[in-house]
Amino acid sequence: MSDLGAQYQKVQGELEDLIMNRQKLETQLQENKIVTEEFDTLKDETPVYKLTGNVLLPVEHDEARNNVEKRLEFINAEISRCEKNIKERQTDLDKLRSELMKQTK
Amino acid sequence: MSQKIDLTQLNPEQLTAVKQQLDQELNHFTQSLQALIVAKNKFAECVTDIKTVSDESNKSQKLLIPASASLYLAGRVKDNQKFMVDIGTGYYVEKNAKDAITFYEKKIEKLNSESTQIQNIIKDKSQSSLAIESQIRQLAVKQHEASKKEAAASGAPATK
(Lines give C-alpha, C1' and ligand atoms only; values in the text may rest on other atoms or scores of the structure.)
Protein backbone atom coordinates (compact mmCIF):
# COMPACT_ATOMS: atom_id res chain seq x y z
CA MET A 1 0.00 0.00 0.00
CA SER A 2 2.58 2.55 1.12
CA ASP A 3 4.76 1.30 -1.70
CA LEU A 4 2.10 2.10 -4.26
CA GLY A 5 1.44 5.42 -2.57
CA ALA A 6 5.09 6.36 -2.75
CA GLN A 7 5.22 5.34 -6.36
CA TYR A 8 2.13 7.43 -7.06
CA GLN A 9 3.71 10.46 -5.45
CA LYS A 10 6.92 9.95 -7.35
CA VAL A 11 5.14 9.81 -10.70
CA GLN A 12 3.08 12.82 -9.73
CA GLY A 13 6.24 14.77 -8.96
CA GLU A 14 7.75 13.75 -12.28
CA LEU A 15 4.62 14.87 -14.06
CA GLU A 16 4.76 18.24 -12.34
CA ASP A 17 8.39 18.70 -13.39
CA LEU A 18 7.51 17.84 -16.96
CA ILE A 19 4.65 20.31 -17.00
CA MET A 20 6.94 23.04 -15.68
CA ASN A 21 9.40 22.16 -18.40
CA ARG A 22 6.65 22.37 -20.98
CA GLN A 23 5.71 25.85 -19.76
CA LYS A 24 9.32 27.00 -19.99
CA LEU A 25 9.53 25.71 -23.55
CA GLU A 26 6.35 27.54 -24.41
CA THR A 27 7.82 30.82 -23.15
CA GLN A 28 10.93 30.26 -25.25
CA LEU A 29 8.84 29.40 -28.27
CA GLN A 30 6.84 32.59 -27.94
CA GLU A 31 9.96 34.70 -27.51
CA ASN A 32 11.60 33.21 -30.57
CA LYS A 33 8.43 33.65 -32.57
CA ILE A 34 8.37 37.34 -31.69
CA VAL A 35 11.99 37.62 -32.80
CA THR A 36 11.26 36.02 -36.21
CA GLU A 37 8.31 38.33 -36.66
CA GLU A 38 10.57 41.26 -35.91
CA PHE A 39 13.16 39.98 -38.42
CA ASP A 40 10.43 39.86 -41.05
CA THR A 41 9.69 43.55 -40.65
CA LEU A 42 13.35 44.57 -40.89
CA LYS A 43 14.71 46.56 -43.78
CA ASP A 44 17.73 45.11 -45.53
CA GLU A 45 20.10 47.78 -44.40
CA THR A 46 19.18 47.69 -40.71
CA PRO A 47 22.09 46.39 -38.65
CA VAL A 48 21.39 43.46 -36.33
CA TYR A 49 23.56 42.60 -33.36
CA LYS A 50 23.77 39.61 -31.13
CA LEU A 51 24.56 39.80 -27.46
CA THR A 52 27.53 37.50 -26.87
CA GLY A 53 28.68 37.60 -23.31
CA ASN A 54 28.78 41.30 -22.62
CA VAL A 55 29.35 42.64 -26.11
CA LEU A 56 27.09 43.19 -29.07
CA LEU A 57 28.49 41.58 -32.17
CA PRO A 58 27.10 42.50 -35.57
CA VAL A 59 25.53 39.60 -37.46
CA GLU A 60 24.20 39.16 -40.96
CA HIS A 61 20.44 39.05 -41.38
CA ASP A 62 20.47 35.58 -42.92
CA GLU A 63 22.66 34.22 -40.21
CA ALA A 64 20.47 35.63 -37.47
CA ARG A 65 17.31 34.42 -39.15
CA ASN A 66 18.68 30.93 -39.71
CA ASN A 67 19.83 30.78 -36.15
CA VAL A 68 16.41 31.66 -34.76
CA GLU A 69 14.65 29.33 -37.17
CA LYS A 70 16.88 26.48 -36.10
CA ARG A 71 16.09 27.32 -32.53
CA LEU A 72 12.38 27.27 -33.27
CA GLU A 73 12.74 23.84 -34.84
CA PHE A 74 14.65 22.60 -31.84
CA ILE A 75 12.10 24.01 -29.40
CA ASN A 76 9.22 22.49 -31.31
CA ALA A 77 10.93 19.11 -31.25
CA GLU A 78 11.53 19.49 -27.52
CA ILE A 79 7.87 20.36 -27.00
CA SER A 80 6.60 17.26 -28.77
CA ARG A 81 9.08 15.14 -26.84
CA CYS A 82 7.95 16.72 -23.60
CA GLU A 83 4.29 16.23 -24.44
CA LYS A 84 4.89 12.59 -25.22
CA ASN A 85 6.51 12.19 -21.81
CA ILE A 86 3.63 13.98 -20.15
CA LYS A 87 1.14 11.63 -21.77
CA GLU A 88 3.13 8.60 -20.68
CA ARG A 89 3.35 9.80 -17.12
CA GLN A 90 -0.34 10.56 -17.12
CA THR A 91 -1.26 7.04 -18.15
CA ASP A 92 1.15 5.72 -15.52
CA LEU A 93 -0.55 7.89 -12.98
CA ASP A 94 -4.03 6.74 -13.98
CA LYS A 95 -2.96 3.12 -13.72
CA LEU A 96 -1.47 3.67 -10.28
CA ARG A 97 -4.55 5.51 -9.15
CA SER A 98 -6.93 2.72 -10.14
CA GLU A 99 -4.66 0.22 -8.41
CA LEU A 100 -4.67 2.34 -5.28
CA MET A 101 -8.46 2.54 -5.39
CA LYS A 102 -8.69 -1.24 -5.68
CA GLN A 103 -6.47 -1.66 -2.64
CA THR A 104 -8.34 0.79 -0.47
CA LYS A 105 -11.67 -0.83 -1.26
CA MET B 1 -12.44 23.30 -17.57
CA SER B 2 -15.62 25.04 -18.58
CA GLN B 3 -18.08 22.30 -17.84
CA LYS B 4 -21.15 23.44 -15.98
CA ILE B 5 -21.73 22.07 -12.51
CA ASP B 6 -25.01 22.43 -10.71
CA LEU B 7 -23.92 23.85 -7.36
CA THR B 8 -27.04 22.68 -5.59
CA GLN B 9 -26.06 19.07 -6.30
CA LEU B 10 -22.81 19.25 -4.39
CA ASN B 11 -22.24 18.66 -0.71
CA PRO B 12 -20.32 21.17 1.43
CA GLU B 13 -17.02 19.28 1.18
CA GLN B 14 -17.16 19.20 -2.58
CA LEU B 15 -18.13 22.86 -2.67
CA THR B 16 -15.17 23.81 -0.55
CA ALA B 17 -12.86 21.79 -2.79
CA VAL B 18 -14.23 23.47 -5.91
CA LYS B 19 -13.90 26.87 -4.30
CA GLN B 20 -10.33 26.15 -3.29
CA GLN B 21 -9.44 25.21 -6.82
CA LEU B 22 -11.13 28.30 -8.17
CA ASP B 23 -9.33 30.53 -5.72
CA GLN B 24 -6.05 28.97 -6.75
CA GLU B 25 -6.76 29.71 -10.39
CA LEU B 26 -7.81 33.20 -9.44
CA ASN B 27 -4.53 33.72 -7.64
CA HIS B 28 -2.59 32.53 -10.63
CA PHE B 29 -4.39 34.90 -12.97
CA THR B 30 -4.00 37.83 -10.63
CA GLN B 31 -0.27 37.17 -10.53
CA SER B 32 -0.10 36.98 -14.31
CA LEU B 33 -1.95 40.26 -14.57
CA GLN B 34 0.48 41.81 -12.12
CA ALA B 35 3.42 40.60 -14.22
CA LEU B 36 1.84 42.00 -17.37
CA ILE B 37 1.41 45.38 -15.74
CA VAL B 38 5.05 45.40 -14.64
CA ALA B 39 6.17 44.56 -18.17
CA LYS B 40 3.91 47.21 -19.62
CA ASN B 41 5.33 49.86 -17.31
CA LYS B 42 8.84 48.88 -18.35
CA PHE B 43 8.01 49.38 -22.00
CA ALA B 44 6.26 52.65 -21.29
CA GLU B 45 9.42 53.79 -19.52
CA CYS B 46 11.45 52.90 -22.60
CA VAL B 47 9.19 55.07 -24.73
CA THR B 48 9.63 58.07 -22.43
CA ASP B 49 13.38 57.45 -22.33
CA ILE B 50 13.59 57.44 -26.11
CA LYS B 51 11.57 60.62 -26.27
CA THR B 52 13.84 62.32 -23.76
CA VAL B 53 17.11 61.21 -25.33
CA SER B 54 16.05 61.93 -28.91
CA ASP B 55 14.86 65.40 -28.02
CA GLU B 56 16.51 68.18 -30.02
CA SER B 57 17.83 69.85 -26.86
CA ASN B 58 19.68 66.65 -25.91
CA LYS B 59 21.83 66.54 -29.02
CA SER B 60 25.43 65.56 -28.19
CA GLN B 61 24.46 65.38 -24.57
CA LYS B 62 27.37 64.77 -22.23
CA LEU B 63 27.17 61.74 -19.99
CA LEU B 64 29.22 59.44 -17.82
CA ILE B 65 29.58 55.86 -18.90
CA PRO B 66 30.04 53.25 -16.21
CA ALA B 67 33.20 51.26 -16.90
CA SER B 68 32.78 49.43 -13.62
CA ALA B 69 30.56 49.96 -10.63
CA SER B 70 32.93 52.59 -9.29
CA LEU B 71 34.57 54.00 -12.42
CA TYR B 72 32.94 56.33 -14.90
CA LEU B 73 34.23 57.72 -18.17
CA ALA B 74 33.12 60.97 -19.71
CA GLY B 75 31.22 60.48 -22.93
CA ARG B 76 29.01 62.25 -25.36
CA VAL B 77 25.95 61.08 -27.25
CA LYS B 78 27.14 60.90 -30.83
CA ASP B 79 23.79 60.25 -32.42
CA ASN B 80 20.68 60.70 -30.35
CA GLN B 81 18.38 59.38 -33.07
CA LYS B 82 19.71 55.84 -33.14
CA PHE B 83 18.71 53.22 -30.60
CA MET B 84 19.59 49.61 -29.95
CA VAL B 85 16.41 47.69 -29.32
CA ASP B 86 16.40 44.29 -27.65
CA ILE B 87 13.98 42.20 -29.70
CA GLY B 88 14.48 39.11 -27.57
CA THR B 89 16.78 36.07 -27.25
CA GLY B 90 19.88 38.24 -27.29
CA TYR B 91 19.28 39.91 -30.62
CA TYR B 92 19.48 43.69 -30.90
CA VAL B 93 18.34 45.79 -33.80
CA GLU B 94 19.31 49.34 -34.60
CA LYS B 95 16.26 51.56 -34.94
CA ASN B 96 15.68 55.26 -35.23
CA ALA B 97 13.69 57.03 -32.55
CA LYS B 98 10.37 56.82 -34.37
CA ASP B 99 10.65 53.11 -35.16
CA ALA B 100 11.84 52.31 -31.69
CA ILE B 101 8.86 54.07 -30.19
CA THR B 102 6.43 52.25 -32.50
CA PHE B 103 8.12 48.98 -31.57
CA TYR B 104 7.53 49.56 -27.86
CA GLU B 105 4.06 50.96 -28.40
CA LYS B 106 3.09 47.85 -30.31
CA LYS B 107 4.32 45.76 -27.40
CA ILE B 108 2.33 47.85 -24.96
CA GLU B 109 -0.78 47.47 -27.08
CA LYS B 110 -0.36 43.71 -27.16
CA LEU B 111 0.08 43.60 -23.41
CA ASN B 112 -2.99 45.80 -22.99
CA SER B 113 -5.21 43.46 -24.96
CA GLU B 114 -3.83 40.51 -23.02
CA SER B 115 -4.49 42.20 -19.71
CA THR B 116 -8.11 42.90 -20.65
CA GLN B 117 -8.47 39.23 -21.49
CA ILE B 118 -7.08 38.22 -18.15
CA GLN B 119 -9.20 40.79 -16.38
CA ASN B 120 -12.31 39.25 -17.92
CA ILE B 121 -11.25 35.80 -16.81
CA ILE B 122 -10.63 37.12 -13.31
CA LYS B 123 -14.08 38.71 -13.25
CA ASP B 124 -15.73 35.46 -14.29
CA LYS B 125 -13.80 33.39 -11.83
CA SER B 126 -14.39 35.69 -8.89
CA GLN B 127 -18.09 35.67 -9.68
CA SER B 128 -18.14 31.88 -9.63
CA SER B 129 -16.15 31.93 -6.43
CA LEU B 130 -18.70 34.23 -4.81
CA ALA B 131 -21.57 32.06 -6.04
CA ILE B 132 -19.99 28.99 -4.49
CA GLU B 133 -19.40 30.81 -1.25
CA SER B 134 -23.04 31.83 -0.96
CA GLN B 135 -24.04 28.25 -1.77
CA ILE B 136 -21.84 26.99 1.04
CA ARG B 137 -23.36 29.49 3.41
CA GLN B 138 -26.90 28.55 2.42
CA LEU B 139 -26.15 24.90 2.95
CA ALA B 140 -24.64 25.62 6.34
CA VAL B 141 -27.70 27.61 7.40
CA LYS B 142 -30.01 24.85 6.19
CA GLN B 143 -28.08 22.21 8.05
CA HIS B 144 -28.04 24.31 11.15
CA GLU B 145 -31.80 24.84 11.04
CA ALA B 146 -32.50 21.21 10.30
CA SER B 147 -30.45 20.03 13.24
CA LYS B 148 -32.12 22.60 15.50
CA LYS B 149 -35.56 21.44 14.45
CA GLU B 150 -34.72 17.83 14.95
CA ALA B 151 -33.22 18.54 18.31
CA ALA B 152 -36.35 20.41 19.34
CA ALA B 153 -38.65 17.66 18.07
CA SER B 154 -36.99 14.70 19.69
CA GLY B 155 -35.19 16.40 22.51
CA ALA B 156 -32.00 14.67 21.48
CA PRO B 157 -29.58 15.05 18.55
CA ALA B 158 -31.13 12.77 16.00
CA THR B 159 -29.25 10.86 13.38
CA LYS B 160 -30.65 10.80 9.94
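Side chains included, hydrogens not; waters and symmetry mates left out as well; all remaining heavy atoms used. So you know, we letter chains A, B, ... as the sequences are listed, proteins then strands, and number each from 1.
- Here NZ of Lys125(B) is found 12.5 Å from CG of Asn27(B). Values are rounded to the nearest 0.5 Å.
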With 3.5 angstrom as the limit, list the donor-acceptor pairs from chain B to chain A, or say none if there aren't any.
unit_1	atom_1	unit_2	atom_2	d
Thr89(B)	N	Glu31(A)	OE2	2.9
Thr89(B)	OG1	Arg71(A)	NH2	3.4
Gly90(B)	O	Leu51(A)	N	2.7
Tyr91(B)	OH	Asn67(A)	ND2	3.3
Tyr92(B)	N	Tyr49(A)	O	2.7
Tyr92(B)	O	Tyr49(A)	N	2.6
Glu94(B)	N	Pro47(A)	O	3.1
Lys95(B)	NZ	Glu38(A)	OE2	3.0

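- Considering only residues two or more places apart in sequence or on other chains, Glu145(B) meets the salt bridge (charged side-chain N to carboxylate O under 4.0 Å, His left out) condition with none of them.
- With a 4.5 Å cut-off on side-chain heavy atoms, Ile79(A) and Ile75(A) count as touching.
- Only the side chain of Leu42(A) comes within contact range of chain B, judged by heavy atoms closer than 4.5 Å.
- The shortest non-hydrogen separation linking Val47(B) to Ile101(B) is CG1-CG2, 4.0 Å.
- Between Ile136(B) and Pro12(B), every side-chain heavy-atom pair lies at or beyond the 4.5 Å cut-off.
- The pair Asp23(B)-Lys19(B) counts as a salt bridge, with a side-chain nitrogen and a carboxylate oxygen less than 4.0 angstrom apart.
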